[in-house]
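Heads up, the thing below is written out as structure tokens.
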2 protein chains.
Amino acid sequence: MRIVTLAAAQLGPIQRAESRQHVVARMLELMDQAKAKGATMILYPELALTTFFPRWYMEDQAEVDAWFEREMPNAATLPLFERAKEYGMAMSFGYAELTPEGRHFNTCILVDRTGKIVGKYRKTHLPGHSEFDTSRAFQHLEKRYFEPGDTGFPVWRTEGGLFGMCICNDRRWPETYRVMGLQGVEMVLLGYNTPSVNSQKADEGPEKRLFHNRLSVQAGAYQNSTWVAAVAKAGNEDGFPLIGGSLIVDPNGEIVAEATTEDDELLVHACDLDATKFGKATIFDFARHRRIEHYGRITAQTGVELPPE
Amino acid sequence: MRIVTLAAAQLGPIQRAESRQHVVARMLELMDQAKAKGATMILYPELALTTFFPRWYMEDQAEVDAWFEREMPNAATLPLFERAKEYGMAMSFGYAELTPEGRHFNTCILVDRTGKIVGKYRKTHLPGHSEFDTSRAFQHLEKRYFEPGDTGFPVWRTEGGLFGMCICNDRRWPETYRVMGLQGVEMVLLGYNTPSVNSQKADEGPEKRLFHNRLSVQAGAYQNSTWVAAVAKAGNEDGFPLIGGSLIVDPNGEIVAEATTEDDELLVHACDLDATKFGKATIFDFARHRRIEHYGRITAQTGVELPPE
């Protein structure tokens, strides 16, 4: 057994006016609870430090950049790093990253129990659109404020196992999990901000959104025989509802813990990384069963190519 | 609306001693029921004409070859072709194919409403093993009796839509659906024979096997915004139980029909191929959202490559 006692720390809503300092205080409260429950790793959601700002249309780049972090840790987030190190707890959270070169990414990091940043991932699959879209019930401007990530999907050796990360919409794409599965990943950490209603389809509400969240995460776990933990920022942010439904899924694809609120809420589960071994050695023994000679389209073409008429 | 009224024709068990003629009579009975319910297409399972013979270890090649079809249609299956044509019903079923060159495949075909074979698919992902395995509770010798398919995953224009096929274990591999999704597939037809217990893990019984079946099929449908119909050969074959759980899944990943028995059983659903359009134009608009520059491992490596120590 190789146990990682994982705390999936769902955050309730963060209003637009709420400061990073206030959010970090909420995150520290969850970290304290996680420590009391024996957690050795804590996972917070995508863009954990602020409201989900891509719903707001902005034209002033200075206004946009105010939502981004120029260094990590910084003054606002240093208390997280210090307390996690004090507790000997590994940590992952998402934030908007502005690089010294002026590039904007939707980013998350993996911090080991000594407080060292050992992994950084930048979101690959940006949903939404880049210009104001009057046909939508509300805006989802990730393609405006971020560029697609340049990291690919690395897997890191840390904390006694093989860890990968992805962010929100990445979880709907089987390529995400498979690229990590091909590096032997044993636990995928991911956070999300998912509106409770499809902005382009009013009758697709929270039940269906939660169903798609579970389905994507469970399939990714099963088909790569890996743990996956997915943690939400949830609830009503300035009138815009986000689903909760944070969950921890085992390498069989079964849900072992699931959030019941849309508030700050902690799920803790003792995840045995050795539970990934059976699936990886049998039905998903890639070396014996995959047939890459028939997968060519997956990397050769981006969009659909219809068969000839 | 482009409606295909699909009949998913689950077959109950076929004992080793049962003749093809007897099985075809059962298939015709299901076809008659399908016609009465307005079906325009009927789908039968993998290796529909015989018992699931890969559970039996055989060393005499003549004994093996007796389970294979040398031409299609042949005397035993001609009544299926004739009646489907009479009914103006498209049809798909699986069988063991022995080619004139002596090659062995686990195959299925798609026959249009005029009785013409318009598509042939040969199973890509063969599960199991090739030599007698004393460590298993029972044998699963697909890797002994078949070679991996050489067709890839084509998509055919027929019956007013875009159709693909896969077989049994193929459904657990997201590459299967994605290669078809990249050709715009609107309906995937598949059959399976799935033992109710994992031969290498006695505590993985029918509930978990049914869960994995649903999970794989639902995720493939949702992530490619396509209909998927999966139909079982089910029940107790000479003491070896197979799961049922045949199902039809819509392009949102939702189950719209599911079998309740392990016998011959018909599911009929009016599937609107235009229901695939919304997903393909929005969240799964591949041309806008896929990032193939980060998927390279999927086609560059077959097995796992661990990160450096």
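Keep in mind the model is a prediction, meaning the values are calculated, not measured. Per chain, numbering begins at 1; letters A, B, ... match sequence-line order.
- The aromatic rings of His140(B) and Phe52(B) sit tilted relative to each other, their planes meeting at an angle between 30° and 60°.
- Heavy-atom distances place the side chain of Phe211(B), and not its backbone, under 4.5 Å from chain A.
- Using cut-offs of 30° and 60° for the angle between ring planes, the His294(B) and Phe153(A) rings count as perpendicular.
- Taking chain A as the reference chain and counting heavy-atom pairs below 4.5 Å, the highest number among Val155(B), Val179(B), Asp285(B), Asn252(B) is found for Asn252(B).
- Side chains of Thr176(A) and Arg291(B): a donor-acceptor N/O pair is absent below 3.5 angstrom, by distance only.
- Neither the backbone nor the side chain of Pro154(B) comes within less than 4.5 Å of any heavy atom of chain A.
- Between chain B and the options Val304(A), Ile292(A), Leu182(A), Ile298(A), heavy-atom pairs under 4.5 Å are most frequent for Leu182(A).
- Taking the six-membered ring for Trp and the full ring otherwise, Tyr222(B) and His212(A) have centroids separated by under 6.0 Å.
- Only the side chain of Lys143(A) comes within less than 4.5 Å of a heavy atom of chain B; its backbone N, CA, C and O stay farther away.
- Interface check for chain A: of the options Leu306(B), Asn169(B), Thr299(B), the most heavy-atom pairs under 4.5 Å are formed by Thr299(B).
- Between chain B and the residues His125(A), Gln218(A), Glu305(A), Glu309(A), the most heavy-atom pairs under 4.5 angstrom are made by Glu309(A).
- Leu162(B) touches chain A through its side chain: at least one heavy atom from C-beta onward sits under 4.5 Å away, while N, CA, C and O do not.
- Heavy-atom distances place the backbone of Leu126(A), and not its side chain, under 4.5 Å from chain B.
- Between the side chains of Asn224(B) and Thr226(B), no donor-acceptor pair is found at a separation under 3.5 Å.
- A donor-acceptor contact closer than 3.5 angstrom links the side chains of Glu46(B) and Asn106(B).
- Proximity to chain B (any heavy atom under 4.5 Å) is shown, for Glu293(A), by neither the backbone nor the side chain.
- Counting only N and O atoms by type, the side chains of Arg297(B) and Gln301(B) include a donor and acceptor under 3.5 Å apart.
- For the set Pro148(B), Gly184(B), Pro174(B), Gly303(B), the count of heavy-atom pairs under 4.5 angstrom toward chain A peaks at Pro174(B).
- For the residue pair Thr194(B)/Arg171(B), the side-chain donor-acceptor check at 3.5 Å is satisfied.
- Proximity to chain B (any heavy atom under 4.5 Å) is shown, for Arg214(A), by neither the backbone nor the side chain.
- Contact tally against chain B (heavy-atom pairs below 4.5 Å) for Val185(A), Thr302(A), Thr151(A): the top residue is Thr302(A).
- Using modelled atom types, one finds no donor on one side chain facing an acceptor on the other under 3.5 Å when comparing Asn213(B) with Arg172(B).
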